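Nothing here was measured: the structure is a model prediction, and the numbers come from that model. Values below: all heavy atoms of this structure, side chains included; hydrogens, waters and symmetry mates excluded. So you know, we letter chains A, B, ... as the sequences are listed, proteins then strands, and number each from 1.
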Number of protein chains: 2
Amino acid sequence: MSEVPHNNRVSRPPAMTDVARVAGVSTQTVSRVLRNHPYVTDDKRRRVLDAVEQLGYRMNTAAQALSSGRTRTIGVVSMATESYAGAMTQSSIERAADEADYSVVGAQISTLDVDAILSALRRLEKLGSEAIILAVPLRAQDRRIEEITKRVPTVTIGGSPVRTARSLAVDQREVARLATEHLLSLGHCTVWHIAGPNDWVDAVERTAGWRDVLTDAGLTVPPMIHGDWDPESGYQAGRWLADRSDVTAVFVASDEMAFGLIRALHESGRRVPEDVSVVGVDDVRLAAYCTPALTTIAQPFAELGRAAVASVMSRLDEREDPTLNLVVRPKLIVRSSTARKRA
Amino acid sequence: MSEVPHNNRVSRPPAMTDVARVAGVSTQTVSRVLRNHPYVTDDKRRRVLDAVEQLGYRMNTAAQALSSGRTRTIGVVSMATESYAGAMTQSSIERAADEADYSVVGAQISTLDVDAILSALRRLEKLGSEAIILAVPLRAQDRRIEEITKRVPTVTIGGSPVRTARSLAVDQREVARLATEHLLSLGHCTVWHIAGPNDWVDAVERTAGWRDVLTDAGLTVPPMIHGDWDPESGYQAGRWLADRSDVTAVFVASDEMAFGLIRALHESGRRVPEDVSVVGVDDVRLAAYCTPALTTIAQPFAELGRAAVASVMSRLDEREDPTLNLVVRPKLIVRSSTARKRA
DNA sequence: ACGTCGTATGGCATCGATAACATACGGCAG
DNA sequence: CTGCCGTATGTTATCGATGCCATACGACGT
C-alpha cells in the first residue's frame, strides 16, 4: 500500500476493513452483520456492532451502490414545487420514501416540454435511481421517454399515462364534474370556466369535464378563459367577467386563480356568492380562512405521493402493487363562495 | 472473467471500457475527454465522443463518486416544505444547485428536535453530500451537530447559527420591527402579537423584535398569543382577541395565521382595517388577492436559497464566498389590512 | 465410523471510474 | 548530436463494498 491513497485524502473515514480489523473478523462478516444476513453467530455479531459503534463507522453509499448495483434512491421529476399541489406531493413522496429507507433526488424542470423532461430523466437515471416518479403534467407521449421508463420502474402522477408506466392520478374530469354539477344544482343557468394552461393535462381534463357536464345537460357552453395558475391571471379574467351580468357561476381551475377572480369581482361591485358563485380546485390551506371561504374541490395529494412510492417500491421488491385498485377521489367541499341563484 | 458478473445483471449498460474499446483508446483517455482535461488530441477526442454518442454511454455516478471521492451532491435538511416559505426555499435551492450541475438530496424532518436533525445530517453525510444546507429553525446548539458541520461545509438558513457553519438569514427582529413600527406609525396605542411556536427561532426573534419596539417606545406590552403557523390557530387567537375592544393593531407572525385572525375578527363583527389593523409575515401568493389584501413583510426566500448554494459552492471550490457581504432585507408591503387608527 | 447436510466464515474477483506513475514522441537549446 | 522538456497516452493500483465460491466444523442418520 502506498503512502497516499490515489484520491489524495489524507485521513479517510473508517471503512469496512477497519471495522473488520477491530472486530477480528473478515469484511465479509461485517457486511453480513450490517445487512442482517443469517449465519452469523451472536458473538461475532456483537463484536462487529461494537466495532462499528466504536469507530463511528457508516457504510459508504457510493461503494455499496457500485458493488451491489442498488442505490436505494428514487428520483422525482417535478415542476412548480412551489405551488401548493406540487409542494404537498413532493413532501409526501419524501416522507414515504424515507420510511422505506430510500433517498429522494429531485429534478425540477422549469419549462414544460419533452426535452426538459428528458434531460431530467437522464440525470436521474445516471444517478442510478432505482425508480422514478414523474410528477409533471406532460400531455405529449414520447418514444424517448418511454425508453427510459422501460428501463427504470416509473410511476406518473397527474401526467398523461406514459404507456410503459403505471399512472396514478385524480380523475380531473371528475373534479370538474363535481364543481360544475354543484353549481348547476344551485340553479345557475350555466357555468363559466377559467382554465389553466393548455399544456397541462390537468387543465385540459378539467376543461373537458366541465364542457361535458354542460353539454350533457343541454346547456350552452360559454367561452372559456385561460389563466396561468397565478392569482393575477384569475384577477385579469375577473376584470373581464365582471362586466357580463349573465355570469353567475364560475368554475375556476385552481384556488389561487379563484381568489384572484373573487377580488376582481369584488372590486367591480359584484358580490360573491350573492351575485356570482365561485368554485376552485385544490383546497389550499387558506381556502377556508379567506373571505368568502372558498367552495372548492379537494385532492388527496399526500395520499397520491404515498401511493406513488408504494407502487414503485412494490415493483422493486417484485411484490404485487398495493395501489392497483386504489381509487383516489376528489371531494367537493362546500363553503361560502357558492349560493343558490337569486331569482 | 466469469460468465456472469458478480452483481448478477445480465446485460449491463455500457461502461467506460466499452467506450474505450470502440474508440480504440484507453479508458484513461476517455476519462480525460469526458472531463475536459488537456493533453488529448482533437482526433482522439472526436473518436471518443463519437463512441459515447454511438453507445449512449453515460458515466456511472456511483463509480465516479467512489473513485474520485466527490459526489456532486448537496444535502438539504428541511422542515415543513409544504409551507410557503419552505417550498420556496427548497425550490430555489434545487434550481441553483442544478445550475452548478449538482444534485440535491433532501432530508425532511417532522419533529423539531436535535435527534431528528442529527439523523437527517447523518443520512446526508453517509450519502456523501459534499455540502449541507441546514434549513431548519432549530434554536439549540449541539456539539454533535457541530461535529458534522465541521466535516462537511454547511450553511444554515434561518436557523440559529451553528458556530462552525456559515449562517444566512433574514433578520427576523427587523421583520418584527418593520411590522410593529408600521402599525405604531398609524397611530395605534400598542400592538398585539400572535407568535409562532417557541421552538422556532424565527418565531422567537419576531417576538423579541416586537417587544423591543414597544418597550423602546415606552408602551405597554400586551399579552402574547401563541399559534402553530396554521391558519386555524390564528383563527382561535382571533376569537379571543375579538372580545377585547382595546385591540386595534395586531402583528401576526405569519400570513396564514393572519388570515385566520381576520376571519375570526370578521365573524365577530370587527372590521379589518377599520377597527383592527393586521400585519402578517411572508407575503404568500394569495396575500394580495384575499380580502382585505394583506399588509405583510416579504422575505426574499428565493434569494436566500440561491445564496446558500452559492456559499457552499464557493467553499467547495475554495473561492471567496460571494455571499459574505450579502444582506437580505425583509420588506414591508402595505396593502389594505392596515389603516390609521380611528379617533 | 463415515458420508451428508446445515451453519458459519473467509478469500478473491469484481463493480466502473480515477490518481499516480510510466512511457513514448517530437521539438528545441546547447 | 545529445539531453531535456512538454505533450500525449497507456498501465496499474485503488476507492469500499458485495457476490460467488471454497472451506471448516459440528450434528445426525445409517
Pairs: protein N or O with nucleotides 5-10 of chain D N or O, under 3.5 Å:
residue, atom, partner, partner atom, Å
D:dT7, OP2, B:Y39, OH, 2.7
D:dT9, OP1, B:T41, OG1, 2.8
D:dT9, OP2, B:T41, N, 2.8
D:dT9, OP2, B:T41, OG1, 3.2
D:dG10, OP2, B:S26, N, 3.0
D:dG10, OP2, B:S26, OG, 2.9
D:dG10, OP2, B:T29, OG1, 2.6
D:dG10, O6, B:R32, NH2, 3.1

How many whole angstroms separate atom [atom1] of [X] from atom [atom2] of [N]?
X     : N      : atom1 : atom2 : answer
A:H37 : D:dA17 : NE2   : P     : 15 Å
B:Q64 : D:dT14 : CD    : C1'   : 16 Å
A:R12 : C:dA19 : CZ    : P     : 18 Å
A:L66 : C:dA13 : CG    : P     : 17 Å
A:D42 : C:dA8  : CG    : C1'   : 12 Å
A:R45 : C:dT9  : CZ    : C1'   : 13 Å
B:M16 : D:dC15 : CE    : C1'   : 15 Å
A:R70 : D:dT18 : CZ    : C1'   : 13 Å

**Asked** Can A:E82 and B:S91 be counted as having a side-chain donor-acceptor contact under 3.5 angstrom?
**Response**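 Distance-only check passes for A:E82 and B:S91.
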Exercise. So which heavy atom on B:P300 is nearest to which on B:V328, and how close?
Worked result: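 Scanning both residues completely, I find the closest heavy atoms to be CG-CB, 3.9 Å.
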For B:R46, does the CZ atom sit with more than 12 other heavy atoms under 6.0 Å from it, leaving out its own atoms?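 No, CZ of B:R46 has 12 or fewer neighbouring heavy atoms, counting only those of other groups under 6.0 Å.
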TODO: Evaluate whether atom CZ of B:R319 has more than 12 neighbouring non-hydrogen atoms of other residues, nucleotides or ligands under 6.0 angstrom away.
DONE: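 Yes, the 6.0 Å shell around CZ holds more than 12 heavy atoms from other groups.
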Problem set entry | Sidechain N-carboxylate O distance under 4.0 Å for A:R47, A:D43 |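 Looking at A:D43 together with A:R47, the answer is yes, because their closest N to O distance falls below 4.0 Å.
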Checklist entry - Quick one: do B:D98 and B:R95 make a salt bridge, cutoff under 4.0 Å? => result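 Answer for the salt bridge query: no.
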Does A:R72 have a side-chain nitrogen or oxygen under 4.0 Å from the phosphate oxygens OP1 or OP2 of D:dA17?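 No, no such contact exists.
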- Do the side-chain N or O atoms of B:S67 get closer than 4.0 angstrom to the phosphate oxygens (OP1, OP2) of C:dG16?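 Indeed not, no polar side-chain atom of B:S67 lies that close.
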